[in-house]
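Before I ask anything, here is the structure I am working with.
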2 protein chains.
Amino acid sequence: MVSSAPVLHTRARILEAARALAEDRGTNFRLEDVAQAARVSRQAVYLHFGSRSGLLLALVEHVDKSEGLPRYSQRVRSAPTGVDELLAFIDLIAEYTPRIYLIAKVLDEARRTDPAARAADENRMLLRREGCTRHIRRLHDEGRLAAGWTVQGAAETLWALTNVSTWEDLVLDRGWSRQAYARRLKRLCLATFVRPPAAG
Amino acid sequence: MVSSAPVLHTRARILEAARALAEDRGTNFRLEDVAQAARVSRQAVYLHFGSRSGLLLALVEHVDKSEGLPRYSQRVRSAPTGVDELLAFIDLIAEYTPRIYLIAKVLDEARRTDPAARAADENRMLLRREGCTRHIRRLHDEGRLAAGWTVQGAAETLWALTNVSTWEDLVLDRGWSRQAYARRLKRLCLATFVRPPAAG
DNA sequence: GATCTGCTTTACATGGTGTCAAGCGCGCCT
DNA sequence: AGGCGCGCTTGACACCATGTAAAGCAGATC
């Protein structure tokens with residue numbers, strides 16, 4: 001009979017402990033701290049994750065899974081028009097970035113030393129860039145991409161505009177609300193990428 | 001009589017050595033390496049800079065001085081109109097960012113652990129933000145700021161658009177040329193911030 | 001009851017930062 | 001010339017986090 005109490009496995013406890021530590025200290029935590037918070041020995045961390053960066057990578061996966069990006073992006077793609085899709089994408093970014101912010105920082109730190117972390121980070125960026133390309137291509141296919149842009153150029157620009165560090169600058173540093181961030185980014189993208197409808 | 005040979009003081013030699021190391025290894029260098037490259041003992045580094053982050057901060061100052069930002073920004077401010085000033089500012093960013101890129105990274109790394117580095121970095125950001133505010137305010141004063149923007153909102157947006165990590169994403173990661181970066185950023189800023197002249 | 005598994009405990013190696021103290025060469029001053 | 005101070009060297013060492021190794025132990029399984 002399985003225990004009915006909400007007891008987490010050691011592995012999960014370690015991950016949750018690391019997540020909590022990352023949320024209030026950034027990535028400046030020692031494995032000793034993580035172990036203590038999870039009420040296991042430091043060696044248990046090594047048995048499960050092999051190394052510090054192994055833990056960080058597992059942490060990224062863990063948070064990703066628990067935040068569930070897929071259902072968000074589903075909503076974006078089901079927008080009626082390309083313009084709506086672009087706006088929905090910005091809403092998604094405004095909503096999703098704060099949830100994965102600390103993880104993005106963790107990954108960013110780990111990539112300095114660990115090739116696996118670097119690869120993982122580049123894969124994340126690639127996925128987001130592909131998303132941007134889809135949005136821009138749809139705009140283009142519907143004849144609404146502003147003059148002067150190639151699909152690739154606009155997609156890469158959109159990708160850079162919606163990266164984590166820009167969000168960090170505006171929301172965390174400048175104190176913009178989620179709404180203000182979304183509103184201004186939408187204004188910017190509409191003015192930049194969207195050709196006005198041929199209303200004449 | 002002062003020696004006429006181009007012999008650098010120990011302090012300057014250390015800084016140059018650190019700069020060279022940073023340029024090809026990022027910030028993953030040991031003080032031992034710096035000392036060796038400067039042909040001094042590791043302790044000499046401590047005597048001059050006190051600590052690792054002390055060295056990094058001095059390095060930032062050193063590079064800043066040797067690149068001479070002021071004359072660049074003078075050129076920007078002497079533009080005939082606000083729109084020209086905005087475009088000149090983007091040219092400045094496109095030209096100047098690659099020169100200080102590695103330094104910005106160094107500072108970014110140091111700020112994680114060192115409060116002084118954090119303060120220095122925030123001061124840099126403040127200066128650039130003030131510049132952005134001046135450009136946008138002039139645009140506004142000349143009646144050319146696009147509808148829907150406050151001076152502050154537009155200035156902070158421009159500031160975020162021209163930050164180092166966006167440049168890094170587009171130029172280093174995506175391989176954009178300096179010209180492509182400047183051209184597309186100009187197109188974006190014109191479309192976003194500039195109200196068309198009342199023609200007709 | 002033997003064994004396997006997952007974790008603990010203790011000890012130790014490694015590598016980089018930072019500190020300390022003694023010493024040394026060289027220019028300067030009187 | 002002798003003495004002084006300064007800038008740097010030399011070598012040793014403390015510290016701290018990561019990572020490794022080996023023995024032990026307690027509960028589940030057969």
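Sequence lines set the chain letters: A, B, ... in the order given, protein chains first and strands last, and positions in each chain run from 1.
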* Can B:Glu168 and B:Tyr101 be counted as having a side-chain donor-acceptor contact under 3.5 angstrom? ->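 Yes, B:Tyr101 and B:Glu168 have a side-chain donor paired with an acceptor closer than 3.5 Å.
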* Asked: Rounded to the nearest Å, what distance is computed from the CG atom of residue A:Asp33 to the C1' atom of nucleotide D:dT18?
  -> 13 Å
* To do: May I ask you to decide if the ring planes of B:Tyr181 and B:Trp167 are parallel, tilted or perpendicular, using 30° and 60° as cut-offs?
  => perpendicular
* Please state how far atom CZ in A:Phe49 lies from atom P in D:dT18, giving the value in whole angstrom units. => 15 Å
* Show your working on salt bridge (Lys or Arg N to Asp or Glu O under 4.0 Å) between B:Asp33 and B:Arg30 and close with a plain yes or no. => CA-CA 5 Å; B:Asp33 300 332; B:Arg30 299 170 304 168; 2.8 Å; yes
* Structure fact -> Here the distance between atom P of C:dG6 and atom CD1 of A:Ile14, to the nearest Å, is 13 Å
* Asked: Between atom CG in A:Asp114 and atom C1' in D:dT18, what is the gap in whole Å?
  ->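 In whole Å, D:dT18 C1' and A:Asp114 CG are 14 Å from each other.
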* Counting only heavy atoms not in A:Arg112, do more than 12 sit closer than 6.0 Å to its CZ atom? -> yes
* Are A:Glu85 and A:Arg134 close enough for a salt bridge, meaning some N to O gap below 4.0 Å? -> no
So which protein N/O to nucleotides 21-29 of chain D N/O distances come out below 3.5 Å?
none

Would you give me the side-chain donor-acceptor pairs under 3.5 Å for residues 123-130 of chain A, sequence neighbours excluded?
from	atom 1	to	atom 2	distance (Å)
A:Arg124	NH1	A:Asp64	OD2	2.6
A:Arg124	NH2	A:Asp64	OD1	3.3
A:Arg128	NH1	A:Trp159	O	3.2
A:Arg128	NH1	A:Thr162	O	3.4
A:Arg128	NH1	A:Thr162	OG1	2.8
A:Arg128	NH2	A:Trp159	O	3.3

* Residues which pass salt bridge (charged side-chain N to carboxylate O under 4.0 Å, His left out) with B:Glu61, listed by chain and number, not counting sequence neighbours ->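 If we apply the salt bridge (charged side-chain N to carboxylate O under 4.0 Å, His left out) test to B:Glu61, skipping adjacent residues, there are no hits.
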* Once you round it to whole Å, what is the distance between P of C:dT17 and CG of B:Leu31? ->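 For the pair B:Leu31 CG and C:dT17 P, the rounded distance is 4 Å.
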Atom pairs, protein N/O to nucleotides 4-8 of chain D N/O, distance under 3.5 Å:
from	atom 1	to	atom 2	distance (Å)
D:dC8	OP1	B:Thr10	OG1	2.5
D:dC8	OP2	B:His48	NE2	2.8

* Quick one: A:Glu32 CD to D:dG19 C1', roughly how many Å, whole number? -> 13 Å
* Structure fact -> Taken in chain and number order and not counting sequence neighbours, the residues that satisfy side-chain contact (heavy atoms from CB on, under 4.5 Å) with B:Gln43 are B:Ser41
Close N or O pairs between protein and nucleotides 13-15 of chain D (under 3.5 Å):
none

* Distance in angstrom units between A:Gln36 CD and C:dC7 P, rounded ->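 It works out to 18 Å between those atoms.
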* Asked: Out of C:dG18, D:dG19, C:dG16, which nucleotide sits closest to the side chain of B:Arg30?
  -> C:dG16
* **Protein-nucleotide distance (A:Leu21, atom CG; D:dA17, atom C1'), rounded to Å** =>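 Result: 15 Å.
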* Can you name the one residue among B:Asp121, B:Leu107, B:Val106 that meets side chain to side chain contact (heavy atoms under 4.5 Å, CB included) with B:Leu57? ->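 For B:Leu57, the side chain to side chain contact (heavy atoms under 4.5 Å, CB included) check succeeds only for B:Leu107.
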* Atom of A:Trp176, atom of B:Gly153 and distance for their closest heavy-atom approach -> CZ2-O, 3.9 Å
* Asked: How far apart are the closest heavy atoms of A:Leu102 and A:Ala22, and which atoms are they?
  ->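 Where A:Leu102 meets A:Ala22 most closely, the heavy atoms are CD1-CB, 3.6 Å.
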